[in-house]
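Here the structure is laid out as structure tokens; the discussion comes afterwards.
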There are 2 protein chains.
Amino acid sequence: MMSNFEAFFDYIQKISGQLLSEDDKDLLTAHFKARKLRKRQYFLQEGDVCKYIGFIVKGSARTFTVDEKGHEHILKLSVENWWLTDFESFYLLTPSRFNIEALEELEILQSTNAEIEEFLKKIPAFSAMSNIISQNNTIAAQKRMQAINYSAEERYEELVSNYPHFLQRFPQNMIASYLGLSSETLSRIKKNALK
Amino acid sequence: MMSNFEAFFDYIQKISGQLLSEDDKDLLTAHFKARKLRKRQYFLQEGDVCKYIGFIVKGSARTFTVDEKGHEHILKLSVENWWLTDFESFYLLTPSRFNIEALEELEILQSTNAEIEEFLKKIPAFSAMSNIISQNNTIAAQKRMQAINYSAEERYEELVSNYPHFLQRFPQNMIASYLGLSSETLSRIKKNALK
DNA sequence: TTGAAGTGATGACTTAAATCAAGAAAATAT
DNA sequence: ATATTTTCTTGATTTAAGTCATCACTTCAA
């Protein structure tokens with residue numbers, strides 16, 4: 001179990017550029033709870049308030065919505081060292097429109113909004129990390145907005161260059177849904193790309 | 001000129017839920033510079049590092065890219081009480097891929113990255129505001145990602161419900177570009193929506 | 001006050017991607 | 001090992017939205 005936290009502490013220190021004191025580590029260890037989810041198990045279901053935020057130690061998950069026609073749309077694919085939550089629901093305590101489901105056996109360290117507020121106040125490295133993640137989120141959001149004007153090929157090429165490991169790790173129909181394409185279209189794009 | 005700052009101070013206090021001291025206000029007044037841009041004037045040109053962040057006191061602007069075919073794509077439309085910058089370029093000091101242009105006569109209060117760092121350290125209300133804006137950005141980014149799967153009609157309906165004043169304020173071809181649609185398509189959608 | 005530029009509407013046509021359908025291949029379970 | 005989902009491919013067809021072309025209407029500037 002300790003090793004889970006070591007990876008977590010390393011992550012905080014690396015992102016923030018600051019060291020955690022022993023007291024900091026004790027506080028985090030006391031409040032972050034280790035949790036395992038089996039493949040296909042839900043971390044969050046549509047309509048529920050997302051009470052937890054999870055740090056992924058091992059495994060992967062998808063965040064998706066289901067439209068009126070019953071079609072699923074993946075908004076996010078999450079892997080190790082990423083945070084797992086619906087930020088809107090988590091921050092505002094409103095019912096979520098999203099589902100979050102484990103795609104592989106998932107090991108996370110989870111905590112609540114109130115606890116996070118405490119870490120932000122008491123742990124400088126945690127607060128610095130939070131600010132940097134927000135910055136990165138803002139930048140990523142800016143980039144994603146550009147994708148509106150991209151063709152199917154361009155979206156795929158962008159994924160290949162930004163997240164090449166996703167292609168190995170996730171089935172093609174998940175990738176297609178993440179890119180907002182039908183799986184048939186993605187299959188054809190890959191065929192053409194080989195030439 | 002003072003009135004510009006009064007609106008700015010009100011904004012910080014409202015968003016942060018905290019009061020600014022006289023010292024805080026003096027520090028902000030000393031470092032934020034009032035600037036006017038005429039209609040069509042550029043706040044940022046593609047290839048330049050975005051050295052400034054501007055708080056819009058009056059007027060509006062668009063953030064856009066130009067693709068290989070010479071077509072412009074609007075990523076953001078900004079109005080009063082919004083921040084004007086390319087966050088990626090501003091935070092990371094990298095050359096920007098965006099252009100930011102005044103759509104109407106524009107009055108802003110602007111400052112540099114280094115100065116912002118100072119405000120974050122010295123002014124609690126400013127730091128609280130920054131965190132809340134980051135939260136809102138993260139939430140907005142999550143929402144925007146959903147738009148990938150939306151049809152032309154759905155994107156338009158979303159705009160109507162979220163930013164109805166944009167429809168009055170900006171020409172239809174700008175709105176179309178912002179939604180990632182051709183102006184002909186938007187014209188047809190509006191015609192159908194009337195029925 | 002009259003061009004000129006910018007904006008918006010509409011019709012005809014084209015194209016990118018979705019949908020529908022059927023098999024093949026791979027992964028998982030019994 | 002074999003059945004049974006699940007995933008992936010390929011072809012035929014449909015559909016949503018883009019492109020091209022033209023005309024009307026408005027602003028704005030000389």
Side-chain angles (χ1 to χ4, degrees), chain A residues 38-41 59-62 64-74 77 101-105 146-160 166-195, chain B residues 38-41 59-62 64-74 77 101-105 146-160 166-195:
Chain A
R38 292 182 313 282
K39 193 172 170 173
R40 304 252 163 84
Q41 210 177 338
S60 61
R62 63 178 181 136
F64 67 99
T65 53
V66 183
D67 69 22
E68 333 74 60
K69 291 179 190 160
H71 296 155
E72 296 179 356
H73 302 283
I74 296 178
L77 291 168
E101 182 200 47
L103 287 177
E104 301 168 314
E105 165 116 350
Q146 285 186 90
I148 290 186
N149 301 299
Y150 286 4
S151 68
E153 276 93 342
E154 287 168 328
R155 287 189 215 168
Y156 176 70
E157 292 305 333
E158 209 208 352
L159 183 80
V160 169
F166 276 19
L167 299 169
Q168 269 68 51
R169 188 146 186 190
F170 300 111
Q172 200 163 296
N173 55 1
M174 298 280 169
I175 300 281
S177 176
Y178 175 71
L179 294 175
L181 304 176
S182 69
S183 63
E184 293 94 330
T185 295
L186 182 55
S187 176
R188 289 178 182 118
I189 287 170
K190 287 185 81 170
K191 193 178 148 194
N192 289 333
L194 289 178
K195 289 171 190 170
Chain B
R38 291 182 315 282
K39 193 173 171 174
R40 305 251 162 85
Q41 210 176 339
S60 61
R62 63 176 181 138
F64 67 99
T65 53
V66 183
D67 70 21
E68 333 75 60
K69 291 180 190 161
H71 296 154
E72 297 179 354
H73 302 284
I74 296 178
L77 291 169
E101 182 201 48
L103 287 178
E104 301 168 314
E105 165 114 353
Q146 285 187 90
I148 289 186
N149 301 298
Y150 285 3
S151 68
E153 276 94 341
E154 287 168 328
R155 286 189 217 167
Y156 177 69
E157 292 304 331
E158 208 208 353
L159 183 80
V160 169
F166 275 19
L167 298 170
Q168 270 67 51
R169 188 147 187 186
F170 301 110
Q172 199 163 299
N173 55 0
M174 298 280 169
I175 300 282
S177 176
Y178 174 71
L179 294 174
L181 305 176
S182 70
S183 64
E184 292 94 331
T185 294
L186 181 56
S187 176
R188 288 175 182 122
I189 286 170
K190 286 184 80 170
K191 193 178 150 195
N192 287 333
L194 289 178
K195 289 174 189 169

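Letters A, B, ... are given to chains in the order of the sequence lines, protein chains preceding strands, and every chain is numbered from 1.
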Original post:
Which residues satisfy the side chain to side chain donor-acceptor pair (under 3.5 Å) test with B/Glu105, sequence neighbours excluded?
Top reply: none
For residues 179-188 of chain B, dump all side-chain donor-acceptor pairs below 3.5 Å to protein atoms at least two apart in sequence or in another chain.
{"residue": "B/Ser182", "atom": "OG", "partner": "B/Thr185", "partner atom": "N", "Å": "3.2"}
{"residue": "B/Ser182", "atom": "OG", "partner": "B/Thr185", "partner atom": "OG1", "Å": "3.0"}

**OP:** Return the value, rounded to whole Å, for the distance between atom CG of A/Leu167 and atom C1' of D/dC8.
**Re:** 15 Å
Subject >> Interatomic distance where CD1 belongs to B/Ile148 and C1' belongs to D/dA17 [whole Å] >> reply: 17 Å
Subject >> Set of residues satisfying side-chain contact (heavy atoms from CB on, under 4.5 Å) with respect to B/Glu157, sequence neighbours excluded >> reply: none
All N/O pairs under 3.5 Å across the protein-nucleotides 23-30 of chain D interface:
none

Original post:
Which atom names give the shortest non-hydrogen contact between A/Glu101 and A/Phe64, and what distance separates them?
Top reply: CB-CE2, 4.0 Å
Original post:
Nearest-Å distance, CD (A/Gln168) to P (D/dC8)?
Top reply: 13 Å
Original post:
Quick one: side-chain contact (heavy atoms from CB on, under 4.5 Å) partners of B/Gln41, sequence neighbours excluded?
Top reply: B/Leu37, B/Arg38
Original post:
Could you give all pairs that pass the ring-ring contact (aromatic ring centres under 6.0 Å, His included) test and reach residues 169-188 of chain A, with sequence neighbours left out?
Top reply: A/Phe166-A/Phe170
Original post:
What residues form a side-chain contact (heavy atoms from CB on, under 4.5 Å) with B/Glu104, not counting sequence neighbours?
Top reply: B/Ser60, B/Arg169
Original post:
Going by number, which of residues 171-178 of chain B have a non-hydrogen atom under 4.0 Å from DNA chain C?
Top reply: B/Pro171, B/Gln172, B/Asn173
Original post:
Mind checking what makes side chain to side chain donor-acceptor pair (under 3.5 Å) contact with B/Asn149, not counting sequence neighbours?
Top reply: A/His73
**OP:** Could you pick out which residue, A/Ser187 or A/Arg40, lies toward the 5' side of DNA chain D when each is mapped onto its nearest nucleotide?
**Re:** A/Arg40
Original post:
How long is the gap from CG on A/Asp67 to CD on B/Glu154, to the nearest 0.5 Å?
Top reply: 8.0 Å
**OP:** Identify the two heavy atoms, one from B/Glu153 and one from B/Ile189, that lie closest to each other, and give their separation to 0.1 Å.
**Re:** N-CD1, 3.9 Å
**OP:** Assign a letter to each nucleotide of nucleotides 11-23 of chain C from its 5' end: B, base within under 4.0 Å of a protein heavy atom; S, sugar-phosphate only; -, no contact.
**Re:** BB----SSBBB--
**OP:** Sequence neighbours left out, what passes salt bridge (Lys or Arg N to Asp or Glu O under 4.0 Å) with B/Glu72? Give chain and number order.
**Re:** B/Arg62
**OP:** Take the C1' atoms of the five end pairs on each side of the helix from C/dT1-D/dA30 to C/dT30-D/dA1, derive the two axes, and give their angle rounded to 10 degrees.
**Re:** 40°
Subject >> A/Arg38 CZ - C/dA29 P separation (whole Å) >> reply: 13 Å
Subject >> B/Glu72 CD - D/dG18 P separation (whole Å) >> reply: 17 Å
**OP:** Could you state the atom-to-atom distance from OH of B/Tyr156 to P of C/dG8 in whole Å?
**Re:** 12 Å
